[in-house]
Amino acid sequence: QVQLVESGGGLVQAGGSLRLSCAASGSTISGYAMGWFRQAPGKEREFVARISRGAGIVYYADSVKGRFTISRDYVKNTVYLQMNSLKPEDTAVYYCAADRTVGNIGYTSSNVYNYWGQGTQVTVSS
């Protein structure tokens with residue numbers, strides 16, 4: 001079982017950048033595909049990015065492609081989400097999640113992920 005703790009959220013102006021971190025404990029992230037989701041007020045939780053286990057294939061939601069980058073550091077047992085060119089519509093609570101299954105079927109669904117962090121707030125002002 002893995003425990004996940006997000007950090008790095010905050011208030012930033014439109015066009016700015018933030019880097020979110022997801023520190024894992026209890027297990028190594030090498031055994032999981034890792035994902036980022038976000039949830040804005042009154043909206044459903046939505047997929048943002050994923051990095052597969054092993055080869056580290058990355059996937060992005062169309063809304064963040066070209067602006068966000070997911071990465072991982074096995075030594076630090078941490079996953080990152082670099083967010084550039086932020087927009088007000090990126091405002092949400094961002095969650096880190098771990099998927100212990102093999103393969104990448106249905107990776108945009110939150111149901112695929114087994115473990116979740118508590119979330120970190122990102123607010124982008126216009």
Side-chain angles (χ1 to χ4, degrees):
Q1 187 166 345
V2 63
Q3 292 80 46
L4 305 171
V5 178
E6 303 96 333
S7 62
L11 173 64
V12 63
Q13 287 189 332
S17 299
L18 282 174
R19 188 178 79 157
L20 305 184
S21 299
C22 172
S25 61
S27 187
T28 61
I29 60 172
S30 61
Y32 302 86
M34 301 297 295
W36 286 95
F37 283 73
R38 66 187 182 186
Q39 188 166 19
K43 295 188 176 182
E44 293 189 354
R45 191 169 297 189
E46 66 172 358
F47 169 77
V48 174
R50 174 183 172 100
I51 185 163
S52 72
R53 55 192 292 176
I57 301 169
V58 295
Y59 306 85
Y60 297 99
D62 288 343
S63 59
V64 307
K65 203 171 293 183
R67 300 188 298 122
F68 290 12
T69 302
I70 187 171
S71 63
R72 65 191 178 194
D73 184 329
Y74 283 160
V75 173
K76 295 184 178 180
N77 212 30
T78 299
V79 177
Y80 303 98
L81 185 68
Q82 178 67 43
M83 306 186 296
N84 298 329
S85 302
L86 282 161
K87 304 175 181 180
E89 50 263 45
D90 294 318
T91 295
V93 177
Y94 283 71
Y95 297 91
C96 175
D99 172 13
R100 66 186 177 203
T101 59
V102 176
N104 294 291
I105 296 175
Y107 64 85
T108 61
S109 170
S110 60
N111 294 330
V112 167
Y113 298 81
N114 309 102
Y115 306 102
W116 292 84
Q118 83 290 346
T120 185
Q121 176 70 47
V122 172
T123 303
V124 184
S125 63
S126 56

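The shown structure was predicted, so the numbers you read here are calculated from the model rather than taken from an experiment.
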Practice prompt. Examine Arg72 relative to Tyr80 and say whether NZ or CZ is less than 6.0 Å from the centre of the six-membered ring and inside a 45° cone about the ring axis.
Written response: no
Worksheet item: Are a donor atom and an acceptor atom from the side chains of Tyr94 and Arg38 found within less than 3.5 Å of each other?
Response: yes
Worksheet entry | Full working for side-chain contact (heavy atoms from CB on, under 4.5 Å) between Tyr60 and Ile70 | CA-CA 9 Å; Tyr60 297 99; Ile70 187 171; 3.6 Å; yes
Worksheet item: Which of these, Arg100, Gln3, Gln1, sits in a side-chain hydrogen bond (donor to acceptor under 3.5 Å, both in side chains) with Tyr115?
Response: Arg100
Item to complete: Given ring pair (Phe, Tyr, Trp, His ring centres under 6.0 Å), test Phe68 with Trp36 step by step and report yes or no.
Response: CA-CA 11 Å; Phe68 290 12; Trp36 286 95; 9.9 Å; no
Worksheet item: Under the 3.5 angstrom rule, does the side chain of Asn77 hit a backbone N or O of Ser27 as a donor-acceptor pair?
Response: yes
Worksheet item: Can you list the residues that meet the salt bridge (charged side-chain N to carboxylate O under 4.0 Å, His left out) rule with Glu89, with sequence neighbours excluded?
Response: none
Donor-acceptor pairs are to be reported for all side-chain atoms of residues 9-25 against protein atoms at under 3.5 Å, with residues two or more places apart or in another chain.
unit_1	atom_1	unit_2	atom_2	d
Ser17	OG	Asn84	OD1	2.9

Worksheet item: What orientation do Tyr107 and Phe47 show, parallel under 30°, tilted 30 to 60°, or perpendicular over 60°?
Response: perpendicular
Item to complete: Establish whether Val64 and Val79 are linked, either directly or via other cluster members, by ILVMFWY side-chain heavy-atom contacts under 4.5 Å.
Response: yes
Item to complete: Check step by step if side-chain contact (heavy atoms from CB on, under 4.5 Å) holds for Val93 and Thr120.
Response: CA-CA 5 Å; Val93 177; Thr120 185; 6.0 Å; no
Worksheet item: Could you walk me through whether Tyr113 and Tyr32 pass the ring pair (Phe, Tyr, Trp, His ring centres under 6.0 Å) check?
Response: CA-CA 10 Å; Tyr113 298 81; Tyr32 302 86; over 10 Å; no
Worksheet item: In terms of side-chain geometry, is the basic nitrogen of Lys65 or Asp62 positioned less than 4.0 Å from the acidic oxygen of its partner?
Response: yes
Worksheet item: Is any side-chain heavy atom of Thr108 less than 4.5 Å from a side-chain heavy atom of Glu46?
Response: no
Item to complete: Would you mind reporting whether Tyr95 and Ser110 have side-chain heavy atoms less than 4.5 Å apart?
Response: no
